[in-house]
Every structure is written in C-alpha cells, then in structure tokens.
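Here the structure comes first, spelled out in structure tokens, and everything after it is commentary.
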Amino acid sequence: MPELPEVAYQKKYADATILHKKIVKVETGDKKIYQSDKKDFEKVLQNNQFTGSERLGKYLFLNLEKNRCLVVHFGMTGKLEYYQHDEVPKYAQLTLTFEDYSRVSFTCPRKFGKLYLADSLTEFQKENNLGIDALALGKPEFFEILDGKTGTIKGLLMNQKLIAGIGNLYADEVLFQAKIHPTTKIDKLSEKEKQEIFKEIEKVLEVVKEARVEGKKLPDTYLTSVRKKGEDCPRNNGKIEQIKVSGRTTYFCPTCQKEKS
DNA sequence: TCGTGTGTTCAGGT
DNA sequence: CACCTGAACACACG
C-alpha cells in the first residue's frame, strides 16, 4: 500500500532493523525489478552497510557507507521484510544477509516495484524529474504549481513530477476532505478552494502517516475507510460513487463534492 | 472465470 | 512545445 504515508512506515521499519550491519550475501531476483545491471547491485551491496535512510515521495533511499544509495520503489505491492530464519519469503526480489545472519528481503508479488542505485537523493530527484515532497510543499510553491494548468485537480495531485508522494487513494481523500469534485478543472478553482486543497494535503498526509507509522486506525471521518461504491458517505450526506479520473478508479461523495458546471 | 487494481511509463492527442 | 489522458504493464485475489 505504498503512497507517502506507507513509505514513511517502511522507512521507520528499515531504520529499526537493517542499519549498521555488514552485508555478507546478496541474492537478486527478477531482472525487471532492477533498473541497472544486477551485477552492479551485487558489487555495490556486498560487504557494504546501510548508514541511514531518507524518503522522497514514494521512494525510499537506503544510504550506504560509501556515498551511494539503494533506492526502493514499492510499486503497488512491495515491502521490506526483516527476519532471522532461513527460508526466504515468497516473492522476494532482493535478499540481503547480514553478518549476524539476520536478513532483509524486498518482496513484490506483482513485480511493479523497482530498485535503483543512485549517488544521492538530490541526484536521483533531478535525474528522474521528481517534484517536491508533498510534506515539504509550501503554499507559494503549491500555487505556483497550479498556475497555468488546465487538467483535472486529481490528475495534478497524482503527478509525481509536480508533487511527489500522493497516489490514487490519498488524492481521493484530500479532495473529499476539501469538498472538491475530483474532475474539477484546475483553472476553474477559486482561490479559496486552492487554499483548502493545500491545507488538506498537509493535514491528510500527516494524519495518515501518523496512523501508518504508529499502527493506528484512520479517523472515521475519512473516505479511505469506506472506499467502496454505494457505501455511506462518512459525513452521512449520501452514497459514495465510483468513476474514472485520469485513468484511475475514483471514489467521491456527489453531495459533499459538487461538480462545477 | 474474469475483472480489478494502492504503482509508473509512454504514445498520441490537444 | 507543454500539457493531458488513457492504455499497457504482471500477476494475485475475490
């Protein structure tokens, strides 16, 4: 389930399990996961160790001792699994064994995950045209990003080149909380609505991140917990509807989120 | 059985 | 040219 909040959880998980241990064995999986030669990964990781981690949008950067980093993108179903036993988990695409014989696997059943080697977060961000992290976004930058755009607001929120970290689920949540219809064209938004969306980006991501990292439940005022066609709107204003926006399944409440004419 | 889907990329249209 | 949309990708799951 990896949008920004879930990746924040993976970062916490990595920090608690795999730092400062020498990697003594590297096992790689399906070639399509690896964004450069698997041999390079083996060479870089073998006898190296992780010294810390960073996050940008949906990407996790595991920094290595010698100025490089392993970059993890979780796709739709990826996650890290740390364990002490011998059998490798199902769907493991990378397994590292540490000198204390504990291990970490990157598992990814649907193979939409990706692994990269990069020099630094900044270099990777530039190289891949990633936008500013959604939690580092300031109001002036957000208004700047909206300026001159003509597409749907939901499409913009999910565009990683503009804002990094928001995916399908939380784009719906932000718009539900802000009471904006997902197909609203950006150039039709009032100043007040733009402010509201900005406010809810910060709020929703903080709340969900907190919940994911601390293992708590989401508030029941959230769309995410009833994200299903025909469910009752969390504000009790009607039934949730399902449409397609920017190619993605979209849930919203037609009463709370009125369409503009 | 078959449709669906939390991810990105990329071709093609405006 | 910059921007936008939607199909394609691979495969588990209900």
Side-chain angles (χ1 to χ4, degrees), chain A residues 1-11 13 29-36 55-61 71-81 89-94 106-116 118 124-125 127-131 133-134 144-176 181-189 201 204-205 207-209 211-213 218 222-231 240-252:
Chain A
M1 289 190 244
E3 295 183 37
L4 186 153
E6 289 79 19
V7 178
Y9 170 74
Q10 293 291 317
K11 171 172 159 49
Y13 184 80
D30 195 324
K31 203 169 143 223
K32 78 181 284 281
I33 306 289
Y34 292 83
Q35 303 305 300
S36 50
R55 185 192 56 71
L56 172 67
K58 304 172 189 172
Y59 293 84
L60 179 63
F61 296 76
V71 186
V72 184
H73 190 284
F74 295 90
M76 295 208 276
T77 54
K79 68 174 174 205
L80 295 174
E81 290 183 45
K90 218 174 169 188
Y91 311 120
Q93 295 297 343
L94 172 69
F106 172 62
T107 61
C108 187
R110 293 188 206 170
K111 296 187 183 174
F112 274 4
K114 287 186 176 131
L115 295 169
Y116 308 77
F124 186 85
Q125 179 171 26
E127 191 70 23
N128 292 279
N129 284 315
L130 288 170
D133 185 81
E144 179 87 2
I145 287 167
L146 293 176
D147 197 46
K149 300 292 195 299
T150 56
T152 64
I153 183 61
K154 173 159 178 178
L156 178 137
L157 290 177
M158 293 193 300
N159 186 340
Q160 304 300 302
K161 290 182 169 52
L162 301 174
I163 304 171
I166 305 175
N168 194 26
L169 246 59
Y170 303 131
D172 280 359
E173 190 64 70
V174 165
L175 293 173
F176 175 74
H181 192 284
T183 60
T184 309
K185 298 283 189 200
I186 294 152
D187 51 5
K188 294 280 192 292
L189 288 167
I201 290 174
V204 165
L205 290 180
V207 168
V208 181
K209 180 181 145 181
R212 294 294 182 244
V213 169
L218 289 180
Y222 268 44
L223 176 70
T224 307
S225 11
V226 295
R227 205 169 178 277
K228 213 170 149 195
K229 191 170 155 186
E231 287 287 303
I240 299 303
E241 280 189 15
Q242 184 199 56
I243 55 173
K244 285 262 184 205
V245 183
S246 281
R248 316 292 306 179
T249 308
T250 298
Y251 297 88
F252 70 105

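Chain letters run A, B, ... following the sequence lines, proteins first and then strands; every chain starts at 1. In this text, all values refer to a predicted model and were calculated from it rather than measured experimentally.
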Problem set entry | Dot-bracket pairing map - DNA chain B, Watson-Crick plus G-U, both contacts under 3.5 Å, | cross-strand | .||||.||||||||
Exercise. Hey, does A/Gln35 reach any base, or is it just sugar-phosphate, or nothing, if we go heavy atoms under 4.0 Å?
Worked result: nothing
For this session: For atom NZ of A/Lys79, decide whether the heavy atoms of other residues, nucleotides or ligands shown that lie under 6.0 angstrom number more than 12.
Result: no
For this session: Write down the distance separating the P atoms in B/dT9 and C/dA12, rounded off to the nearest Å.
Result: 23 Å
For this session: Please indicate whether A/Glu127 has more than 12 foreign heavy atoms, meaning atoms of other residues, nucleotides or ligands, lying under 6.0 Å from its CD.
Result: no
Exercise. Pick from A/Glu173, A/Gln242, A/Glu241, A/Lys228: which one makes a side-chain hydrogen bond (donor to acceptor under 3.5 Å, both in side chains) with A/Tyr251?
Worked result: A/Gln242
Problem set entry | More than 12 heavy atoms of other groups within 6.0 Å of A/Lys32 NZ | yes
Exercise. Which of these nucleotides, C/dC3, C/dA10, B/dT6, is closest to any side-chain atom of A/Lys111?
Worked result: C/dA10
Exercise. OH of A/Tyr34: more than 12 outside heavy atoms within 6.0 angstrom?
Worked result: yes
For this session: Determine whether the side chains of A/Tyr59 and A/Gln160 contain a donor N or O and an acceptor N or O closer than 3.5 Å.
Result: no
Seminar exercise, completed: Taken to the nearest whole Å, NZ/A/Lys244 to C1'/C/dT5 is 13 Å
Exercise. For atom P, what is the distance between C/dC4 and B/dT6, given to the nearest Å?
Worked result: 22 Å
Exercise. Contact class for A/Tyr9 vs. all strands (heavy atom < 4.0 Å): base, sugar-phosphate, or nothing?
Worked result: nothing
Exercise. Hey, does the side chain of A/Thr77 reach the backbone of A/Arg110 with a donor-acceptor pair shorter than 3.5 angstrom?
Worked result: yes
Problem set entry | Spacing of A/Leu218 atom CG relative to B/dT6 atom P, expressed in whole Å | 15 Å
Exercise. In terms of side-chain heavy atoms, does A/Lys154 have a donor or acceptor partner in A/Asn168 at a distance below 3.5 Å?
Worked result: yes
Exercise. Does C/dA10 have OP1 or OP2 sitting under 4.0 Å from an N or O in the side chain of A/Gln93?
Worked result: no
Exercise. Can you tell if the side chain of A/Phe106 reaches within under 4.5 Å of the side chain of A/Ile33, non-hydrogen atoms only?
Worked result: yes
Exercise. Along nucleotides 7-14 of chain B, 5' to 3', which nucleotides get a B, which get an S, and which get a -, given that the test is a protein heavy-atom distance under 4.0 Å?
Worked result: BBS-----
For this session: Take the protein atom CD of A/Glu6 and the nucleotide atom C1' of B/dG5, then report the distance between them rounded to whole Å.
Result: 15 Å
Exercise. How many Å lie between CG on A/Asn159 and C1' on C/dT5, as a whole number?
Worked result: 12 Å
Exercise. Which heavy atom of A/Gly75 sits nearest a heavy atom of A/Pro2, and at what distance?
Worked result: O-CG, 2.9 Å
Problem set entry | Ionic contact status for A/Asp172 with A/Arg248, cut-off 4.0 Å | no
Using the 3.5 Å cut-off, write out each protein N or O paired with an N or O of nucleotides 12-14 of chain C and the distance between them.
none

Exercise. A/Thr150 side chain N/O closer than 4.0 Å to the phosphate oxygens (OP1, OP2) of C/dC3?
Worked result: no
